[in-house]
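In what follows, a single structure is set out as structure tokens and then discussed.
Quick caveat, the model's predicted, so the values are computed rather than measured. The chains referred to below are lettered A, B, ... by the order of the sequence lines, with proteins before strands, and numbering in each begins at 1.
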2 protein chains.
Amino acid sequence: MSLEKIEVLLREKGYKLTEQRRLILAILQSNSVPHTAQEVYDLVKLAYSNINFSTIYRNLELMSELGIVDKMNLKSGVSHFEINDREEHHHHVICKGCGETKAIDFCPYKMINNEELDKLGFSATEHKFEIYGFCNKCNAK
Amino acid sequence: MSLEKIEVLLREKGYKLTEQRRLILAILQSNSVPHTAQEVYDLVKLAYSNINFSTIYRNLELMSELGIVDKMNLKSGVSHFEINDREEHHHHVICKGCGETKAIDFCPYKMINNEELDKLGFSATEHKFEIYGFCNKCNAK
DNA sequence: AATATAAATGCAAATGATTTGCAAAAAGGA
DNA sequence: TCCTTTTTGCAAATCATTTGCATTTATATT
Ligand SMILES: [Mn+2]
Ligand SMILES: [Mn+2]
Ligand SMILES: [Zn+2]
Ligand SMILES: [Zn+2]
């Protein structure tokens, strides 16, 4: 999603595009991998030393409600946030050594047959698929 | 896994099968769905009112390291623990209304072709797959 | 440009889940 | 029974995240 599109989306709902929001988005857009709130905070702080943690959290939360970012609970229990660029969602491979993540294109949800869910009387809204392991760097050690 | 097997497994590693551990296991075995530490605590407390939270946490953690229970981070960020009965692992459907979970047999990992992971230079150790939505009860409301 | 109003921020304190240090208690073997 | 090691309960600490509130900022209106 382009910054312009995001701005429109915010405006529509009565939200404003502040400097802080711009910076948070810039971070997320520059490297499209999942970041923790802490990581976003540290990086934003370089350009805007007065930034506060609650601003980071409030905005990541807001943007994830608006669908601008994806919020995900990886193994650790700490939330990770990633910009929602592509029109197709994707899943990840996560290194337990260094934390590096890579996108994978395979989506298991497309494989599942809806009868199985119907049988359970369940209407699905979302799903999560992640593979954990070690990247080649961490494997070598 | 039977209680006897579990006891052997603990003993082998120099651990003891205490009353508290027995009770925690009994809870997890009686209803084989994911429970939070809080839920386990509340239920154990009925039979052993002096039980402490740290005992619950320490043991759930230990048992998950030993593979006796599965520890999972569902959407909420609160850890859930489930006994590791079956010899085949399984995945879950989780109701966002009432929190009820149901097992599903479909495992996406079996579908993925290893070339894709090899290309990423990644050696996989585990994976997570969950479907979120609403059960028929919660849907009706 | 000055003013008005709602939204956003920084700060400090609260929260909730989980972890830790430590002294006392319990388990199991000698 | 005695000894050694593990386990427990308790209280306090930690870590991520959230909240209340006074102040500041963004933007629309005059
Ligand atoms: Mn991604
Ligand atoms: Mn299950
Ligand atoms: Zn998918
Ligand atoms: Zn699987």
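Residue A:Lys16 places no side-chain atom within donor-acceptor reach of the base of D:dT25, judged by atom type and a 3.5 Å distance cut-off alone.
If you measure from atom CG of B:Leu10 to atom C1' of D:dT7, you get 12 Å, rounded to the nearest angstrom. Taking atom CD1 of B:Ile24 as the reference point, atom P of D:dT7 lies 12 Å away to the nearest angstrom. Nucleotide D:dA13 holds its P atom 19 Å from the OH atom of B:Tyr57, rounded to whole Å. Regarding A:Asn52, its CG atom lies at a distance of 15 Å from the P atom of D:dT24, rounded to whole Å. Atom CD of B:Gln20 is separated from atom P of D:dT6 by 17 Å (rounded to the nearest Å). Following rounding to the nearest Å, A:Leu17 (CG) and D:dT25 (P) show an atom-to-atom distance of 16 Å. The distance between atom CD of A:Glu7 and atom P of D:dA26, rounded to the nearest whole Å, is 12 Å. Atom CG in A:Asn73 sits roughly 11 Å away from atom C1' in D:dA16 (whole-Å rounding).
Nucleotides of DNA chain C lying under 4.0 Å from heavy atoms of chain B occupy a range whose first and last members, 5' to 3', are C:dA17 to C:dG28.
Residue B:Arg58 is in base contact, counting any heavy-atom pair closer than 4.0 Å across all strands shown. The residue B:Tyr48 sits close only to the backbone: its heavy atoms come under 4.0 Å of sugar-phosphate atoms, none of a base. A:Gln38 comes within 4.0 angstrom of no nucleic acid atom, judged by non-hydrogen atoms across all strands. Residue A:Phe53 is out of contact with every strand shown, counting any heavy-atom pair closer than 4.0 Å.
Looking at heavy atoms from C-beta onward, B:Phe106 lies in side-chain contact with B:Phe129 at the 4.5 angstrom threshold.
Comparing B:His80 and B:Glu19 along DNA chain C, the residue whose closest nucleotide (by nearest heavy atom) sits nearer the 5' end is B:His80.
Between A:Glu65 and A:Lys71 no salt bridge is recorded (no basic side-chain N to carboxylate O distance below 4.0 Å). Ionic pairing of B:Glu88 and B:Lys110 is present here: one or more N-O contacts between side-chain nitrogen and carboxylate oxygen are shorter than 4.0 angstrom.
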_Verdict with reasoning, A:Cys107 to A:His90, per side chain to side chain contact (heavy atoms under 4.5 Å, CB included)_ = CA-CA 7 Å; A:Cys107 171; A:His90 62 278; over 6 Å; no
*Dump the intermediate steps for side chain to side chain contact (heavy atoms under 4.5 Å, CB included) on B:Ile68 and B:Leu10, then the final yes or no.*
CA-CA 10 Å; B:Ile68 298 167; B:Leu10 288 170; 4.3 Å; yes
*Kindly determine whether A:His89 and A:His127 satisfy side-chain hydrogen bond (donor to acceptor under 3.5 Å, both in side chains), including the steps that lead there.*
CA-CA 11 Å; A:His89 77 272; A:His127 61 277; 3.1 Å; yes
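Distances shown here put a side-chain N or O of A:Ser79 below 4.0 Å from the OP1 or OP2 atom of D:dT17.
For the residue pair B:His92 / B:Glu82, a side-chain donor-acceptor distance below 3.5 Å is found, with atom types taken as modelled.
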